[in-house]
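Comments concern the structure below.
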Amino acid sequence: MFFQKDIETMPRQKIEELQLERLRHLVKFCIDNVPFYAKRLSDAGVTPEKIKSLKDIENIPYTTKEDIRDSYPFGLFGQPLKKIVRLHASSGTTGKPTVVGYTKKDLDIWSDCVARIVMAAGATEDDVIQISFNYGLFTGALGLHYGLEKVGATVVPTSSGNTAKQIMLMQDFKTTGLVSTPSYAQHIAELIEETGVKENIHLKLGLFGSEGCTEGFRDRIEESFSNSHNKFFATDNYGMSELMGPGVSGDCIYRTGMHINEDHFLAEVIDSKTLEVLPRGSQGELVITTLTKEGIPMLRYRTKDITQISYDGCQCGRTTARMSKIKGRSDDMLKIRGVNVFPSQIESVLVTFTQISPNYQLVLTRTHSTDELEVKVELADGSLLEKFTELDVLKTNIKKSLKSTLEISCKVSLVEHKSMERTGGKAQRIVDLRDEVK
Ligand code: DLL
């Protein structure tokens, strides 16, 4: 299903022509409206006339999170506050947040972009969809909210938390769709199982996003929400406050990569170290230029998210480029005894063991200048608690499996079911204590 079929299925050449025209316009807009960009572009010798092909984008300097922070709160805005109708901020835990602003036109485009990806996932006006993202400065809840309303779905803005009430409403309203982080969805599923109401649930569509989720983890969540009368199906959705929020890209029903809304977002993949643009299809850091945003336009924004992009057509009929699941953030990549490890690699091993829940935490310590990785995982239930031999075998098997995937050994600790903290938002997987003196 399409929300704007003519754009979503535009021939590639046409998409690229549109991107070029918009890029030229954007460069002019930035020079005229954002002194920060005017100086950067002038120092780099870039003018709209010099953008003759999409490749010329490579002459534009990158923009980083630090650039936004340094101009806190509104320094990179492309419009005066009287034209800004909404502010959001990124989910940083320390220091000042990165603030983003939207004009009326930006909000309209935002809800179109979200409407496209939720329809690609299968949402329709017949759905009743519960939004269990935190409403507030975070872009996730309001972003999905307006996009789903545009499609005509019945939106239930429950926000995150109060899980028992979420489950009660889910049964009473016969909710068919759930918007949340995968880790919160897992928590809701656990409580449904515990309270024995699984058969009363009508969920068939999960619109997940805002944090990574391996296919294995997703499959397990799908299984926990499915019952004798409903099969639950979940898609992955990507976005970022600095770029807009959700709506940058999302899975269609074939789930072979998240379709990028390329008429609004121009994507490149670069090598994070050399900063060179990589050939098409390579894995690297995603860099996005927002082609139409007025509130806070972004020129070549370094997302730090690692992915790869395919430009082949998709079975669904969309011609837009597709990005693979985020492998991790370049700043979340753990370097352990010289080996690079992404938490997603660890997750893909853990989800193959049915005796443990996909709740885990990676604790890093340093003893006598050697890094140690402890993988803490929760047992799936209480059935193994007193069975020490079986627990030992399980631990050894997880350790072996992690070693063969990661090529380093790590400590595995099994902890009691539900002993790890649950959050309504993004799960905190990494606890890095390496800077603490030992
Ligand atoms: O998380 C926007 C969003 C909301 C996307 C709801 C999808 C659904 P931020 O809080 O600014 O914005 O966090 C952005 O979250 O750089 C990624 O590292 C991570 N992220 C977002 N979506 C995904 C995803 C929102 N599907 C940061 N898979 C990004 C993996 C994701 N990581």
Side-chain angles (χ1 to χ4, degrees), residues 63-65 68-69 87-93 97-100 102 110-111 113-118 120-121 123 129 131-148 157 159-160 177-185 206-215 217-218 221 234-251 255 257-261 265 267 272 285-288 290 296 298 301-308 322-333 342-345 347-348 423-430:
T63 306
T64 61
K65 195 177 189 86
I68 309 182
R69 284 233 173 97
L87 294 174
H88 276 284
S90 79
S91 49
T93 44
T98 41
V99 182
V100 292
Y102 304 75
W110 188 11
S111 48
C113 285
V114 173
R116 286 186 204 163
I117 60 163
V118 300
I129 303 197
I131 301 195
S132 305
F133 275 142
N134 182 24
Y135 276 75
L137 288 174
F138 174 55
T139 53
L142 286 173
L144 264 305
H145 183 117
Y146 287 105
L148 283 162
S159 200
S160 62
L178 173 67
V179 171
S180 76
T181 55
S183 53
Y184 190 49
L207 296 162
F208 295 160
S210 190
E211 68 178 7
C213 172
T214 55
E215 287 183 5
F217 185 13
R218 180 198 69 201
I221 302 175
T235 61
D236 194 0
N237 297 283
Y238 173 82
M240 184 176 215
S241 341
E242 294 92 314
L243 303 177
M244 183 165 77
V248 173
S249 67
D251 274 331
R255 299 193 298 201
M258 296 180 276
H259 288 274
I260 303 172
N261 280 315
F265 302 98
S272 300
E285 178 182 336
L286 178 71
V287 167
I288 295 270
T290 60
I296 176 163
M298 282 292 134
Y301 187 70
R302 289 189 57 189
T303 65
K304 304 276 175 96
D305 291 317
I306 308 295
T307 187
Q308 62 198 105
R322 283 167 289 147
M323 50 188 268
S324 65
K325 274 188 173 299
I326 302 295
K327 183 155 187 211
R329 289 182 56 77
S330 54
D331 45 14
D332 259 6
M333 190 178 70
F342 280 109
S344 60
Q345 290 173 287
E347 183 177 301
S348 65
T423 108
K426 306 186 194 224
Q428 196 64 44
R429 302 288 188 206
I430 302 171

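Residue numbers run from 1 in the order of the sequence given. Counting starts at 1 for both ligands and their atoms, following the listed order.
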State the atoms of ligand 1, each with its element, that fall below the 4.0 Å cut-off from a heavy-atom position in [X].
| X | result |
| --- | --- |
| D305 | 16 (O), 17 (C), 18 (O), 29 (C) |
| T139 | 2 (C) |
| G212 | 28 (N), 30 (C), 32 (N) |
| F138 | 1 (O), 4 (C), 10 (O), 25 (C) |
| R329 | 16 (O), 18 (O) |

TODO: Could you establish whether K426 and ligand 1 come within less than 4.0 Å of each other, counting only heavy atoms on the residue side?
DONE: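 Contact present.
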- [ ] Give a yes/no on ligand 1: does F208 have at least one heavy atom closer than 4.0 angstrom to it?
- [x]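 Heavy atoms of F208 never come under 4.0 Å of ligand 1.
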Of the listed options [options], closest to [atom] (non-hydrogen atoms):
| atom | options | result |
| --- | --- | --- |
| atom 32 (N) of ligand 1 | K65, E211, E242 | E211 |
| atom 22 (N) of ligand 1 | S210, S180, G209, G140 | S210 |
| atom 2 (C) of ligand 1 | G239, S249, G250, P97 | G239 |

Task: Side-chain heavy-atom pair R218, R255 within 4.5 angstrom cut-off - done: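 Side chain of R218 against side chain of R255, heavy atoms only: contact under 4.5 Å found.
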Task: With Y238, the side chain to side chain contact (heavy atoms under 4.5 Å, CB included) member among L286, I260, T307 - done: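 With Y238 as partner, side chain to side chain contact (heavy atoms under 4.5 Å, CB included) holds for just one option, L286.
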Task: Least distance between heavy atoms, S249 atom then M258 atom - done: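 Minimum heavy-atom separation between S249 and M258: OG-CB, 3.6 Å.
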Open item on the list: For the 3.5 Å polar cut-off, considering only N or O atoms, please tell me whether T303 and ligand 1 meet it.
Closed with: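 N/O-N/O distance below 3.5 Å does not exist for this pair.
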TODO: Return a yes/no value for D236: is any of its N or O atoms, backbone included, closer than 3.5 angstrom to an N or O of ligand 1?
DONE: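 Yes, since at least one N or O of D236 sits under 3.5 Å from an N or O of ligand 1.
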Open item on the list: Strictly distance-based, threshold 3.5 Å: is any side-chain N or O of R329 a donor or acceptor partner for the main-chain N or O of T303?
Closed with: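 Confirmed, R329 side chain pairs with T303 backbone.
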Open item on the list: Hydrogens and angles aside, do S132 and S180 bring a side-chain donor and acceptor to less than 3.5 Å of each other?
Closed with: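 No, no side-chain donor-acceptor contact under 3.5 Å.
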Open item on the list: Restricting to side-chain hydrogen bond (donor to acceptor under 3.5 Å, both in side chains), what partner residues turn up for S210, sequence neighbours left out?
Closed with: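 Residues passing side-chain hydrogen bond (donor to acceptor under 3.5 Å, both in side chains) with S210: K426.
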Task: Residues that Y301 engages under side-chain hydrogen bond (donor to acceptor under 3.5 Å, both in side chains), provided they are two or more places apart - done: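 Scan of Y301 (side-chain hydrogen bond (donor to acceptor under 3.5 Å, both in side chains), adjacent residues dropped) gives E242.
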Open item on the list: Centroid separation under 6.0 Å, is that true for the rings of H88 and Y102?
Closed with: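 So the answer is yes for these two rings.
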